[in-house]
Amino acid sequence: MFKVEIKNLSIYTNIGITAKERKLKQLLKVSLSFNYSVKNSLNLNNIKNVKDYSSITKHLKELIKNSKSHTLEDLIIKVSQSLEKKFKIKKIKITINKTAVAKRYGAESLSVSN
């Protein structure tokens, strides 16, 4: 069993409940983790036999950058569904931190996770 973790990936996107909030791009820090297994008989040096975390990271960035979600909760669901379908991964854990909002309230972090 392997565990893949992508921590605090910086992505700018338009997100928020109000039109004013969605006008300006906001910095999100996105963390993603999932587990997967590989048959012992497969060559682990062949990218076709393992999860391509480079492609997963690129897909994640594009998905969030182009998202029309208004809430982090909706965004997490859409991202999870897309990653499950495209990369055949299950039990994805996603945490999204809105850094600017956290600072505005004097908090170190303001995040939503599944």
Side-chain angles (χ1 to χ4, degrees):
M1 175 84 61
F2 295 100
K3 181 173 186 171
V4 175
E5 293 181 301
I6 300 165
K7 292 185 179 180
N8 294 319
L9 183 65
S10 295
I11 306 170
Y12 283 91
T13 192
N14 298 86
I15 191 165
I17 296 296
T18 65
K20 180 182 177 185
E21 190 179 10
R22 286 191 309 276
K23 236 178 206 179
L24 300 173
K25 291 204 180 285
Q26 296 182 56
L27 174 63
L28 302 180
K29 295 285 188 165
V30 181
S31 295
L32 165 81
S33 66
F34 62 90
N35 297 321
Y36 76 99
S37 298
V38 177
K39 292 180 184 176
N40 289 337
S41 60
L42 293 178
N43 175 359
L44 296 179
N45 287 317
N46 184 335
I47 193 69
K48 291 179 183 177
N49 297 329
V50 296
K51 298 298 179 188
D52 183 352
Y53 39 85
S54 176
S55 292
I56 291 169
T57 302
K58 288 177 187 173
H59 181 74
L60 181 63
K61 284 183 102 166
E62 282 303 307
L63 203 59
I64 292 174
K65 261 202 271 189
N66 299 318
S67 169
K68 301 295 182 211
S69 292
H70 291 201
T71 65
L72 296 179
E73 292 83 351
D74 183 63
L75 182 58
I76 287 171
I77 289 169
K78 288 180 178 171
V79 167
S80 293
Q81 290 172 342
S82 179
L83 292 171
E84 284 177 9
K85 185 176 180 183
K86 183 171 177 75
F87 297 100
K88 311 279 189 275
I89 50 180
K90 303 277 186 219
K91 297 184 182 174
I92 300 167
K93 174 141 173 65
I94 299 174
T95 301
I96 303 178
N97 186 350
K98 272 184 137 178
T99 58
V101 173
K103 287 179 186 173
R104 187 172 29 198
Y105 292 110
E108 179 182 311
S109 159
L110 191 152
S111 62
V112 175
S113 58
N114 61 344

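In this text, all values refer to a predicted model and were calculated from it rather than measured experimentally. We count residues from 1, following the sequence as given. All heavy atoms count here, side chains included; hydrogens, waters and symmetry mates do not.
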Output a table of donor-acceptor pairs, distance under 3.5 Å, between side-chain atoms of residues 18-28 and any protein atom two or more places apart or on a different chain; print 'none' if there are none.
{"from": "T18", "atom 1": "OG1", "to": "E21", "atom 2": "N", "distance (Å)": "3.0"}
{"from": "E21", "atom 1": "OE1", "to": "I17", "atom 2": "N", "distance (Å)": "3.2"}
{"from": "E21", "atom 1": "OE2", "to": "K98", "atom 2": "NZ", "distance (Å)": "2.8"}
{"from": "R22", "atom 1": "NH1", "to": "G16", "atom 2": "O", "distance (Å)": "3.0"}
{"from": "R22", "atom 1": "NH1", "to": "I17", "atom 2": "O", "distance (Å)": "2.6"}
{"from": "R22", "atom 1": "NH1", "to": "T18", "atom 2": "O", "distance (Å)": "3.4"}
{"from": "R22", "atom 1": "NH1", "to": "H70", "atom 2": "ND1", "distance (Å)": "3.2"}
{"from": "K25", "atom 1": "NZ", "to": "N14", "atom 2": "OD1", "distance (Å)": "3.0"}
{"from": "Q26", "atom 1": "NE2", "to": "I15", "atom 2": "O", "distance (Å)": "2.5"}
{"from": "Q26", "atom 1": "NE2", "to": "E21", "atom 2": "O", "distance (Å)": "3.4"}

Using a 3.5 Å cut-off and no angle test, enumerate the donor-acceptor pairs between side-chain atoms of residues 43-53 and protein atoms at least two apart in sequence or in another chain.
{"from": "N43", "atom 1": "OD1", "to": "N45", "atom 2": "N", "distance (Å)": "2.8"}
{"from": "N46", "atom 1": "OD1", "to": "K48", "atom 2": "N", "distance (Å)": "2.9"}
{"from": "N49", "atom 1": "ND2", "to": "N43", "atom 2": "O", "distance (Å)": "2.9"}
{"from": "K51", "atom 1": "NZ", "to": "F87", "atom 2": "O", "distance (Å)": "3.0"}
{"from": "K51", "atom 1": "NZ", "to": "K88", "atom 2": "O", "distance (Å)": "3.3"}
{"from": "D52", "atom 1": "OD1", "to": "S54", "atom 2": "N", "distance (Å)": "3.2"}
{"from": "D52", "atom 1": "OD1", "to": "S55", "atom 2": "N", "distance (Å)": "3.2"}
{"from": "D52", "atom 1": "OD2", "to": "S55", "atom 2": "OG", "distance (Å)": "2.7"}

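Rounding to the nearest 0.5 Å places CZ of F34 at 7.5 Å from CD1 of I92. If you take NZ on K78 and CG on L83, they are separated by 14.0 Å, rounding to the nearest 0.5 Å. The CD1 atom of I94 sits 5.5 Å away from atom CG of N114, with the distance rounded to the nearest 0.5 Å.
Side-chain contact check for V79 versus V30: every heavy-atom pair is 4.5 Å or farther apart. With a 4.5 Å cut-off on side-chain heavy atoms, L32 and T95 do not count as touching.
For E108, the CD atom counts as loosely surrounded, since its 6.0 Å shell holds 12 or fewer non-hydrogen atoms of other residues, nucleotides or ligands.
Results of the side chain to side chain contact (heavy atoms under 4.5 Å, CB included) test with S33 over K7, K91, K93 single out K93 as the only residue that passes. If you run side chain to side chain contact (heavy atoms under 4.5 Å, CB included) between I96 and each of I11, L75, L9, only L75 comes through.
Closest approach of S10 to K61, counting heavy atoms only: O-CE, 3.8 Å. When all heavy atoms of A102 and S109 are compared, the pair lying nearest together is CB-C, 3.6 Å.
Linking ILVMFWY residues whenever their side-chain heavy atoms come closer than 4.5 Å, directly or via other members, places I89 and L42 in the same cluster.
A donor-acceptor pair shorter than 3.5 Å cannot be found between the side chains of N97 and S111.
Residues forming a ring-ring contact (aromatic ring centres under 6.0 Å, His included) with Y36 (at least two apart in sequence, or on another chain): F2.
Looking at S31, its side chain does come within 3.5 Å of a backbone N or O of N8 through a donor-acceptor pair. Of the possible polar contacts, none joining the S67 side chain to the L63 backbone as a donor-acceptor pair under 3.5 Å is found.
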